[in-house]
Student: 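The structure follows.
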Amino acid sequence: MTTEKKPELTLHLQQAAMFRDKLPDRKVMARWMRAALEHDGEFTVRFVDEEEGRALNSQYRGKDYATNVLTFDYTREPVVTADIVICPAVLERQAAEQEKPFRDHLAHLLVHGVLHAEGYDHLDDEEAEEMESRETEILTGLGFPNPYSDRIGMVHD
């Protein structure tokens with residue numbers, strides 16, 4: 001009997017201590033991200049304030065506001081490598097507006113970032129449908145509600 005090897009995750013967190021009152025522990029975030037991995041991956045997740053989030057979004061996407069998540073993917077083979085930037089202040093606002101727990105929204109955006117690094121995107125309707133379907137499958141498998149029910153959980157990266 002063969003057992004399928006689960007992808008391995010190497011996870012580096014930057015500036016998480018600045019937001020320790022908001023963030024779950026490292027093991028929890030790693031479990032969420034690992035659920036989205038299709039290949040071995042090495043990720044750095046950097047938690048930023050709105051000023052840094054705005055500067056990065058402006059520099060790399062030409063948008064003058066702090067966004068919830070940015071993914072910088074570098075390689076897909078043999079190992080997926082990427083940086084994921086999360087702005088907890090934006091997540092808090094969005095979670096409140098969407099009437100969902102911060103933890104649920106954070107899980108969604110970490111999964112979203114991993115899927116971007118794996119090659120998923122949402123530039124057109126077909127891609128968006130595929131990516132949203134995969135996100136929903138992963139998140140409900142982790143015990144979270146469908147992030148897209150009633151379209152309130154839309155990601156605005």
Student: Without placing hydrogens or testing angles, list every side-chain donor-acceptor pair under 3.5 Å for residues 21-37, not counting sequence neighbours.
Tutor:
| unit_1 | atom_1 | unit_2 | atom_2 | d |
| --- | --- | --- | --- | --- |
| D25 | OD1 | K27 | N | 3.1 |
| D25 | OD1 | V28 | N | 3.0 |
| R26 | NH2 | L11 | O | 2.2 |

Student: Can you see which heavy atom on V114 is nearest to which on I84, and at what distance?
Tutor: N-CD1, 3.8 Å
Student: If you round to the nearest 0.5 Å, how far is CD of E137 from CG of L142?
Tutor: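 Here the interatomic distance stands at 10.5 Å.
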Student: Mind checking ring-ring contact (aromatic ring centres under 6.0 Å, His included) for Y74 and listing every partner two or more places apart, or none if nothing turns up?
Tutor: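 Applying ring-ring contact (aromatic ring centres under 6.0 Å, His included) to Y74 gives none.
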Student: With Q15, which residues qualify under side-chain contact (heavy atoms from CB on, under 4.5 Å), at least two apart?
Tutor: M18, R46, V48, E52
Student: Measure the CZ-CG distance between F19 and L91 for me, rounded to the nearest 0.5 Å.
Tutor: 10.5 Å
Student: Tell me if the CD atom of Q14 is crowded by more than 12 foreign heavy atoms within 6.0 Å.
Tutor: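 It does: Q14 CD has more than 12 such atoms within range.
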Student: With a 4.5 Å limit on heavy-atom distance, are the side chains of K100 and Q94 in contact?
Tutor: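 No, too far: nothing below the 4.5 Å cut-off.
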Student: Distance-only, no hydrogens or angles: does the T75 side chain make a donor-acceptor pair with backbone N or O of V79 under 3.5 Å?
Tutor: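 Yes.
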Student: Could you tell me which non-hydrogen atom of P88 sits nearest to which non-hydrogen atom of F47, and how far apart they are?
Tutor: CG-CD2, 4.0 Å
Student: Have H105 and E92 got a donor and an acceptor in their side chains that come within less than 3.5 Å?
Tutor: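 On atom types as modelled, these side chains do not qualify, holding no pair under 3.5 Å.
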Student: Just so I know, are the side chains of E130 and L115 near enough to count as touching, which here means a heavy-atom distance under 4.5 Å?
Tutor: no
Student: Quick one: pull up CZ in R103 and CZ in F144 and give me the separation to the nearest 0.5 Å.
Tutor: 5.5 Å
Student: Can you list every salt bridge (charged side-chain N to carboxylate O under 4.0 Å, His left out) pair that touches residues 114-128, not counting sequence neighbours?
Tutor: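 Passing the test, one end in residues 114-128: no pairs.
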Student: Can you list every salt bridge (charged side-chain N to carboxylate O under 4.0 Å, His left out) pair that touches residues 72-88, not counting sequence neighbours?
Tutor: D73-R76
Student: If you look at every heavy atom in R61 and Y65, which pair is closest and at what distance?
Tutor: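 The pair with the smallest heavy-atom distance is NH1-OH, 4.4 Å.
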Student: Taking C-beta and beyond as the side chain, do R134 and E38 meet within less than 4.5 Å on heavy atoms?
Tutor: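 Touching, per the 4.5 Å side-chain cut-off.
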Student: Under 3.5 Å, side chain of T136 to main-chain N/O of E132, donor-acceptor pair present?
Tutor: yes
Student: Sequence neighbours left out, what passes side-chain contact (heavy atoms from CB on, under 4.5 Å) with A66? Give chain and number order.
Tutor: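 Testing A66 for side-chain contact (heavy atoms from CB on, under 4.5 Å), a comparison that skips the adjacent residues, returns E50, R54, C87, V90.
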Student: Could you tell me the separation between the CZ atom of F43 and the OG1 atom of T71, rounded to the nearest 0.5 Å?
Tutor: 8.5 Å
Student: Minimum heavy-atom separation for P145 to T140, with atom names?
Tutor: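 Heavy atoms of P145 and T140 come nearest at C-CG2, 4.3 Å.
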Student: Are more than 12 heavy atoms, taken from residues, nucleotides or ligands other than H39, located less than 6.0 Å from that residue's NE2 atom?
Tutor: no
Student: To the closest 0.5 Å, what do you measure between CD1 (I86) and CG (L109)?
Tutor: 5.5 Å
Student: Any chance you could measure D40, atom CG, to T10, atom OG1, to the nearest 0.5 Å?
Tutor: 8.0 Å
